[in-house]
Amino acid sequence: LLGFYKGILPPVLAETPKRAVKFFTFEQYKKLLRYASLPPGLAFAVAGLGSGLTEAVVVNPFEVVKVTLQTNQNSFTEQPSSFVQAQQIIKTGGLGFQGLNKGLTATLGRHGVFNMVYFGFYFNVKNILPVNKDPNLEFLRKFGIGLVSGTIASIINIPFDVAKSRIQGPQPVPGEIKYRTCFKTMATVYKEEGFLALYKGLLPKIMRLGPGGAVMLLVYEYVYAWLQDTV
């Protein structure tokens, strides 16, 4: 049973600062884009792209450690701790693209594309659909838009996710690096396994980020409004 919880510590350590970076930088990019005279709808998407790229830089080292632990086939009690695993990665590959920042380009694509679609779709559609005076219906309206936003963003960005997993995970032949860069990895997967291989793991991703994306945006909006009113 504990095998399902391999690599749990890196996400636990990364999730809170990751979400803080996501929403904080989104607001900052929105403010900066006011000077660019972009249409409001486009500004939301571009601000989302900027927040995703920033978020990716913060989270990528944690992702490398997490994927390394999750692909370790030893039992949960036999595998190294997250901190020991991170030390081993730094010792063998350093802090660069062969070590703790392996797969950074794919992570930038994954988070950049996701946040661009996620924020762009949510705020544009929310501004189009009429507001409900009933707070319960308004909650459901926002939840539904957030659910669709997370689902669509997951469908669009998953090829980057597949590439990231291939690059950061174990290579097929020990000692030989087959998956090296983001777009070359996508091309290799497409050539050898077909187009649908770029969408492997889509259902679990949607199950996680569809409702999860809705919850994130709802908590963000309601807590943000409450803080503005009270603080």
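Source: prediction; values computed, not measured.
- Under the 4.5 Å side-chain criterion, counting only non-hydrogen atoms from C-beta, L69 is in contact with Q79.
- Counted by atom type alone, D134 and N132 present zero donor-acceptor pairs between their side chains at under 3.5 Å.
- Contact check for N72 versus E78: no side-chain heavy atoms found under the 4.5 Å cut-off.
- Residues F119 and F23 place their aromatic rings such that the two centres sit under 6.0 Å apart.
- Within 6.0 Å of the CZ atom in F97, the count of heavy atoms belonging to other residues, nucleotides or ligands does not exceed 12.
- Looking only at side-chain heavy atoms (C-beta outward), V131 and E138 come within less than 4.5 Å of each other.
- The two residues P172 and K178 come nearest to each other via the heavy atoms CG-CD, 3.8 Å.
- With R166 contributing its side chain and M186 its backbone, the two residues share no donor-acceptor pair below 3.5 Å.
- Closest non-hydrogen pair, C182 versus A106, comes out as SG-CA, 3.8 Å.
- Residue L100 comes nearest to V64 through the heavy atom pair O-CG2, 3.5 Å, listed as atom of the first residue, atom of the second, then distance.
- Not one N or O on the side chain of N157 forms a donor-acceptor pair closer than 3.5 Å with the backbone of V113.
- The cationic group of K30 lies under 6.0 Å from the six-membered ring centre of F123 and within 45° of the ring axis, placing it in a cation-pi geometry.
- Ring geometry, Y199 versus F195: the interplanar angle falls from 30° to 60°, so the pair is classed tilted.
- A cation-pi arrangement, defined by a distance under 6.0 Å to the six-membered ring centre and an angle within 45 degrees of its axis, is present between K142 and Y222.
- In terms of heavy-atom proximity, D161 sits nearest to R110 at OD1-NH1, 3.1 Å.
- Within the 4.5 Å cutoff, side-chain heavy atoms of L147 are placed close to those of P211.
- Minimum heavy-atom separation, R180 to T185: N-OG1, 3.7 Å.
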